Every structure is written in C-alpha cells, then in structure tokens.
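Written below as structure tokens is the structure these notes are about.
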Amino acid sequence: RIELKEQPFFPEIIKIHVCGDYAVQIDFADGITKVCDLSDHLEHGVFKAFRDKNFFRLVHVEHGAAVWNDKIDIAPEYLYEHGKIVTKNN
C-alpha cells in the first residue's frame with residue numbers, strides 16, 4: 001500500500017496593491033483575495049519605513065512575495081495566514 005503525503009501549501013502572490021493607510025489587498029494564485037492590515041509592524045525594525053506612506057505605496061510582487069525594496073519584504077505565507085478573505089474565485 002502506498003501512502004501519499006499531503007504536499008505543503010505555499011501561497012503565491014500574483015497581485016498586490018495598497019487599499020488603506022497601512023493595508024494591502026493581495027490576490028493569491030489559488031483564487032483567494034485577502035486584505036492584510038500591516039499597521040502593527042510600524043514600530044518594528046526595518047518596518048518603521050512603512051510610516052512613510054509614499055514608501056508603503058511602493059509595494060510590488062517579486063517571485064510571489066510582497067516586496068518594498070531590497071531590505072523589506074513579507075512572506076506570502078504570513079499575508080495568507082493573517083489576511084482577511086475578501087473574495088474566493090476557485
């Protein structure tokens with residue numbers, strides 16, 4: 001008997017944009033769209049740069065992750081886990 005192991009799920013971001021002061025809306029490859037409020041990060045390390053709203057608006061997708069520059073990125077797993085579902089298209 002062969003047992004198949006469940007493959008780990010790695011969410012991939014296909015589109016991201018700012019949708020509030022410190023919130024982003026994320027479209028994932030699995031068809032789910034979520035909104036994630038990142039305001040809790042404003043006091044921590046490199047994320048203090050988010051206080052500059054013009055900088056925060058620079059978010060974009062690189063290799064399936066949310067990226068602001070070469071020092072600041074947030075893993076898609078974090079955004080998937082902490083975001084609130086807006087739509088499901090699957």
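The model shown is predicted, which means the values in this text are computed figures rather than measured ones.
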Checklist entry - Linking I/L/V/M/F/W/Y whenever any side-chain heavy atoms sit under 4.5 Å apart, do V86 and L79 land together? => result no

Checklist outcome for this item: So side chain to side chain donor-acceptor pair (under 3.5 Å) across residues 62-77, not counting sequence neighbours, yields H60-E62

Checklist entry - Side-chain heavy atoms under 4.5 angstrom apart, residues restricted to Ile, Leu, Val, Met, Phe, Trp, Tyr: same cluster for Y78 and F56? => result yes

Checklist entry - Is there a path of hydrophobic side-chain contacts, each under 4.5 Å between heavy atoms of I, L, V, M, F, W or Y residues, that connects V59 with V61? => result yes

Please output the side-chain donor-acceptor pairs of residues 31-40 that fall under 3.5 Å, not counting sequence neighbours, one pair per line with the distance.
residue, atom, partner, partner atom, Å
T33, OG1, D27, OD1, 2.8
T33, OG1, T87, OG1, 3.3
K34, NZ, Y80, O, 2.5
D37, OD1, S39, N, 2.9
D37, OD1, S39, OG, 2.9
D37, OD2, S39, OG, 3.3

Checklist outcome for this item: Heavy-atom nearest pair, A49 first then F55, reads O-CD2, 3.5 Å

Checklist outcome for this item: Nearest heavy-atom approach of F28 to P76 is CE2-O, 3.9 Å

N/O donor-acceptor pairs under 3.5 Å from side chains in residues 13-23, not counting sequence neighbours:
residue, atom, partner, partner atom, Å
D21, OD1, K53, NZ, 3.4
Y22, OH, R51, O, 3.2

Item to check | F50 side, atom CZ; I72 side, atom CD1 - distance, nearest 0.5 Å | outcome: 5.5 Å

Next on the checklist: The criterion is ring-ring contact (aromatic ring centres under 6.0 Å, His included); which residues satisfy it with F10, sequence neighbours excluded?
Outcome noted: none

